[in-house]
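One structure is given here, and the rest of the page talks about it.
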Number of protein chains: 2
Amino acid sequence: MRLAELSERTGVSVATLKYYLREGLLHPGATVSRTQADYGDSHVERVRLVRALSEVGGLSLATVGRVLEVITTPGQDWITVLETAQRSLVRPREPGADDDGQGRASPWLQSRDWHVDPHDPFLDELDRAWLACDHAGIGLDEERMDHYADQVVGIAEIDVASVPADPEGAVRQVVLGTILLDPVLSALRKLAQQHVSMTRTQRP
Amino acid sequence: MRLAELSERTGVSVATLKYYLREGLLHPGATVSRTQADYGDSHVERVRLVRALSEVGGLSLATVGRVLEVITTPGQDWITVLETAQRSLVRPREPGADDDGQGRASPWLQSRDWHVDPHDPFLDELDRAWLACDHAGIGLDEERMDHYADQVVGIAEIDVASVPADPEGAVRQVVLGTILLDPVLSALRKLAQQHVSMTRTQRP
DNA sequence: TGACATCGGATAGTAACGCTCTCCAAACTG
DNA sequence: CAGTTTGGAGAGCGTTACTATCCGATGTCA
């Protein structure tokens, strides 16, 4: 199909598609002639994926590019995938930032016997998010975090269990699942809050 | 204290503080003279809150403004709070967008007997996020969603249980908890994935 | 064959966001 | 009383994600 048709099918303007081609987010079509290129289903899928990661996942196009690179490079091994995946997502923390002596996330997780890489960037993320809750005056103490952690393990078990054995699909599943399930769970949590508060309290 | 000291204590540049004052994100200090204003602890807290919502929560400054308005307006009733809170967060969906006949989130939740407002904007969010997962080729079927939903209810119960009875603090707690716990849970989930995959599989 | 719309590609321009810089006169400091 | 600092206002800047314009080659229909 031609660029115009690709635009129609995906609902993305031709100008934007050209932009994606320039930025390398969309692989070029087969050049039939100098002014004619042919695009296929893989292009439709790719465009939809880019939009999903950017609009729903909230990633910048630069990050989308890195993610695409990871999931189109075949043949990583099982464990490496998780790490690579996650590492490509975290915004690199600005150097020279406040270093409040490692935060409390790491010791807390150790006390729970969680096996995580002590240099995992998400430890930093957790620290910053936890600290932000403190600044906001939310009473997020270790006891409450313990409760959350128990529930989240349940979620992570679903995550891990649904990764296909197929190593080809595993990378894709893990990376995209890591990114795109966040908004799903976030929305679900808000709806659950409403459900719970409706159910537990009897409205007058 | 003066603006310069407020800047020092919060780690936010004077120029940025002035910008926040202009934008109404930071309430003006007591003007001692025409070139002297006095800022207090409430200003320090406010600045930290703005940074937390913007940096960690990922909200735009415009949204931060709306959130601040909600949590500084006293005396809403218990249930209204959740709704107002949540409504101020969701980006208004562009009109004339694709309307695929309401999506499957609503019927799915009904089949689970969840009591949620059928016009809740987070239903839309859930639809879009779910659809994005489909576009990305993740096998997110209803069965898996059921598992997630069970776990998320556990989280929501913690959320609701930790809301103080104090109606003043409740608004703040609910709104900020809704926003700022997302990144906490998100980071926690990634760490839990690692923990689970480390524990369940024996590494060679 | 020729008029003419359309194509892909390249370049430049734009709108929103979140600051940041410059200027100013009043006021505080030594 | 010289010199610095302050708060306030406005314009300017860098990034992001497009969007608009132009171009010459090409396909298409008469």
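Chain identifiers are assigned alphabetically (A, B, ...) following the order of the sequence lines, protein sequences preceding nucleic acid strands; residue numbering begins at 1 within each chain.
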Write down the distance between [atom1] ([X]) and [atom2] ([N]), rounded to a whole number of angstrom.
X: B:Glu55; N: C:dC17; atom1: CD; atom2: C1'; result: 15 Å
X: B:Leu25; N: C:dC19; atom1: CG; atom2: P; result: 10 Å
X: A:Leu3; N: D:dG27; atom1: CG; atom2: P; result: 16 Å
X: B:Glu5; N: D:dT5; atom1: CD; atom2: P; result: 15 Å
X: A:Asp38; N: D:dT26; atom1: CG; atom2: P; result: 17 Å
X: B:Glu8; N: D:dT6; atom1: CD; atom2: C1'; result: 15 Å
X: B:Met1; N: D:dG7; atom1: CE; atom2: P; result: 12 Å

Quiz item: Side-chain contact, heavy-atom cut-off 4.5 Å: A:Leu140 with A:Tyr148?
Solution: yes
Exercise. Measure the shortest side-chain to side-chain distance between A:Leu61 and A:Leu53 over non-hydrogen atoms and say whether it is less than 4.5 angstrom.
Key: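 No. Closest side-chain heavy atoms not under 4.5 Å.
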Quiz item: What is the nucleic acid contact for A:Ser54, judged by heavy atoms within less than 4.0 Å: base, sugar-phosphate only, or nothing?
Solution: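 Result for A:Ser54 = nothing.
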Quiz item: Within the structure shown, what part of the strands sits under 4.0 Å from A:Ala15 by heavy-atom distance: base, sugar-phosphate, or nothing?
Solution: base
Quiz item: Can you check whether A:Leu59's main-chain N or O pairs, donor with acceptor, with A:Thr63's side chain at less than 3.5 Å?
Solution: no
Is the shortest distance from a Lys or Arg side-chain nitrogen in [X] or [Y] to a carboxylate oxygen in the other one below 4.0 Å?
X: A:Glu5; Y: A:Arg2; value: no
X: B:Glu69; Y: B:Arg66; value: no
X: A:Arg112; Y: A:Asp150; value: yes
X: A:Arg9; Y: A:Asp41; value: yes

Quick one: which protein N/O atoms are closer than 3.5 Å to N/O atoms of nucleotides 23-30 of chain C? Pair and distance per line, please.
{"from": "C:dA27", "atom 1": "O4'", "to": "B:Thr35", "atom 2": "OG1", "distance (Å)": "3.0"}

Polar atoms only, N or O, under 3.5 Å: list the protein pairs with nucleotides 11-17 of chain D and their distances.
{"from": "D:dA17", "atom 1": "OP1", "to": "A:Leu61", "atom 2": "N", "distance (Å)": "3.3"}
{"from": "D:dA17", "atom 1": "OP2", "to": "A:Leu61", "atom 2": "N", "distance (Å)": "3.3"}

Practice problem: Dump the intermediate steps for side-chain contact (heavy atoms from CB on, under 4.5 Å) on A:Val175 and A:Ile179, then the final yes or no. | Solution: CA-CA 6 Å; A:Val175 177; A:Ile179 300 163; 4.1 Å; yes
Exercise. Just do the salt bridge (Lys or Arg N to Asp or Glu O under 4.0 Å) check on B:Asp182 and A:Lys190 with the steps written out, would you?
Key: CA-CA 10 Å; B:Asp182 265 357; A:Lys190 273 94 180 184; 2.4 Å; yes
Quiz item: So which nucleotide from D:dG8, C:dT20, C:dC7 ends up closest to the side chain of B:Leu21?
Solution: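 Between D:dG8, C:dT20, C:dC7, the one nearest the side chain of B:Leu21 would be D:dG8.
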Quiz item: Just checking, is any N or O donor in the side chain of B:Tyr20 or B:Arg51 under 3.5 Å from an acceptor N or O on the other one?
Solution: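 Checked: B:Tyr20/B:Arg51 side chains pair up, N/O donor to acceptor below 3.5 Å.
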Self-check item: Stem list, DNA chain D (Watson-Crick or G-U pairing under 3.5 Å, at least 3 consecutive pairs)
Solution: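 Consecutive-pair runs (3 or more) involving DNA chain D: C:1-30 with D:1-30.
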Self-check item: Parallel, tilted or perpendicular, as decided by the 30° and 60° cut-offs, for the rings of B:Trp130 and B:Trp108
Solution: perpendicular
